Number of protein chains: 2
Amino acid sequence: MTHTPLTRSEAKDLTRRRLIRAALAILDKEGEAGLTTLKVAKAAGIAQSTFYVHFKDKQDLLRSLGDEGGERLRRSMREVRRQARETHDAERHREAFRIPIEAICRHPELLRILQRARHDPASPLREFAIETAAAYRDHHAADLAALGYTADDERDRRRLEMIAEGVNAATNALALGHLEGRYPDVEEVLDVLVALSNGALRLLRSGA
Amino acid sequence: MTHTPLTRSEAKDLTRRRLIRAALAILDKEGEAGLTTLKVAKAAGIAQSTFYVHFKDKQDLLRSLGDEGGERLRRSMREVRRQARETHDAERHREAFRIPIEAICRHPELLRILQRARHDPASPLREFAIETAAAYRDHHAADLAALGYTADDERDRRRLEMIAEGVNAATNALALGHLEGRYPDVEEVLDVLVALSNGALRLLRSGA
DNA sequence: AATTTCACCGATAGTACTATCGGTGAAATT
DNA sequence: AATTTCACCGATAGTACTATCGGTGAAATT
């Protein structure tokens with residue numbers, strides 16, 4: 001196995017990616033309190049001081065993690081929309097839950113970081129986490145509207161938003177429960193999520 | 001306003017309660033990273049070193065916060081059961097959501113601390129947070145069973161558990177949304193939660 | 001080939017915090 | 001009244017971490 005010699009900027013990029021990867025692993029293993037420049041740098045194979053070649057400071061690293069996470073989330077969301085266009089309505093509703101669950105299972109630490117950041121006033125990721133949650137909620141509400149659950153008045157609009165937020169929270173919780181091994185069968189998780197969603201939507205359908 | 005002179009142990013207890021109160025306020029304002037013995041002691045009006053008269057160390061404080069939280073949660077849960085016995089079935093189901101929402105709104109920082117701790121491997125509250133979540137899930141599942149949704153086989157048992165976990169997550173999320181002012185009317189929140197729950201329970205009722 | 005750039009290094013000053021220690025005076029006990 | 005207890009204090013040693021600085025050698029540029 002011969003290594004193509006890397007250019008200086010390629011090598012730097014690689015180091016940066018190693019730092020981000022190491023930071024995610026440390027956050028997952030030891031939580032935010034365990035995230036020190038020494039540990040991150042060591043895990044990435046560089047000196048502690050070299051950390052500052054790549055990031056202005058620790059907050060800068062956290063902001064970068066947020067951006068990386070945003071990228072992944074946006075990619076997942078695009079995938080949802082793409083797949084939604086290819087399937088029929090009933091199936092579509094079910095599959096719309098599979099995608100975020102798979103995304104969560106691929107990078108659970110990301111959801112955990114965002115959930116933590118959302119309620120941690122000191123976290124530099126806080127605003128980003130709140131925005132992300134709002135984006136997901138709005139995205140979900142828009143999907144429901146596309147399924148025909150249009151909101152004619154303010155109350156229905158709020159209801160649609162609450163349903164989206166509640167079902168999203170349930171999705172996150174069950175995805176983590178699946179990861180923890182409590183709900184081994186994803187199909188069963190999807191059954192429950194579809195039932196939760198459909199049940200709530202009856203509120204709108206009945207035009208109460 | 002005359003002060004009855006306090007005994008030494010009464011005064012100590014008061015200081016301890018002040019420390020715990022201050023710690024909760026700081027956690028809410030600045031997150032776990034902002035919780036230092038100096039800040040807690042200062043906010044409670046004592047010297048930093050006196051912190052150690054009341055707690056072995058910082059982890060001991062966090063464990064105490066968990067216990068206090070557990071007390072409050074258990075009190076709320078008892079209240080749910082008591083109220084449940086006094087009302088009719090349909091009403092009961094609705095009121096069963098009001099109690100946790102009110103508990104969350106009274107002490108939102110407690111839910112946030114537990115949610116944070118649950119996924120923070122370094123938190124001394126982690127195990128407690130996981131146990132609390134499990135207790136709430138099982139409690140909720142038992143309530144549903146009491147409503148007649150008995151689980152005959154393994155699959156139904158898992159479904160009941162998933163519904164309980166999912167609806168609990170939705171309850172937490174909507175309670176925080178209510179607190180943040182996005183859903184000002186609690187009755188509307190209850191409408192949605194009841195609809196979510198009933199919809200999912202159709203899964204079991206239909207005996208699919 | 002000579003010069004410049006820069007990703008990396010080790011050393012270290014500075015900062016923030018934890019936890020201990022000896023001392024004090026008022027409350028509690030004798 | 002004399003003695004003991006103990007909740008509190010200020011001072012401080014120790015620890016862990018952040019961020020800077022000058023130096024180095026290989027890559028990039030001239």
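A, B, ... follow the sequence lines: proteins, then strands. Residue 1 opens every chain. If you're wondering where the values come from, they're calculated on a predicted model, not measured in any experiment.
As rounded to whole Å, 6 Å separates atom P of C/dT18 from atom OH of B/Tyr52. Between the NZ atom of A/Lys42 and the P atom of C/dC8 there is a distance of 18 Å, given to the nearest Å. The interatomic distance linking B/Leu38 (CG) with D/dC9 (P) rounds to 12 Å, in whole Å. Atom P of nucleotide C/dA19 and atom CG of B/Leu61 are separated by 11 Å, given to the nearest angstrom. Atom pair B/Asp60:CG and C/dT18:C1' shows a separation of 14 Å (rounding to whole Å applied). Taking atom NZ of A/Lys12 as the reference point, atom C1' of C/dT5 lies 12 Å away to the nearest angstrom.
The listed nucleotides are C/dC8, D/dC9, D/dA27; the one nearest the side chain of A/Arg8 is D/dA27.
Nucleotide C/dA13 forms a pair with D/dT18, judged by Watson-Crick or G-U wobble geometry with both contacts under 3.5 Å. Base pairing analysis places C/dA27 opposite D/dT4; the two distances defining the Watson-Crick or G-U wobble pair are each below 3.5 Å.
Aromatic ring orientation, B/His139 versus B/Tyr136: perpendicular (interplanar angle above 60°, classes split at 30° and 60°).
Within 4.0 Å of A/Thr36, counting heavy atoms only, lie sugar-phosphate atoms of the nucleic acid but no base atom. Contact annotation for A/Thr37: backbone-only contact, meaning every heavy-atom pair under 4.0 Å involves sugar-phosphate atoms and none involves a base.
Nearest-nucleotide assignment on DNA chain C puts the 5′-proximal partner with B/Lys39, out of B/Lys39 and B/Thr7. Comparing A/Ser49 and B/Val53 by the nucleotide of DNA chain D whose heavy atom lies nearest to each, the residue mapping closer to the 5' end is B/Val53. Judged by closest nucleotide on DNA chain D, B/Ala47 is the one of B/Ala47 and A/Lys58 placed further toward the 5' end. Where A/Thr15 and B/Gln48 meet DNA chain C, the nucleotide closest to each residue was compared, and A/Thr15 sits on the side nearer the 5' end.
With hydrogens and angles disregarded, no donor-acceptor distance shorter than 3.5 Å links the side chain of A/Arg182 to the backbone of B/Met162.
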Worked verdict on B/Asp60 versus B/Arg63 for salt bridge (Lys or Arg N to Asp or Glu O under 4.0 Å): CA-CA 5 Å; B/Asp60 190 31; B/Arg63 256 177 271 117; 3.4 Å; yes

Residue pair A/Ser197, A/His93: steps toward the side chain to side chain donor-acceptor pair (under 3.5 Å) verdict: CA-CA 9 Å; A/Ser197 178; A/His93 196 196; 3.1 Å; yes

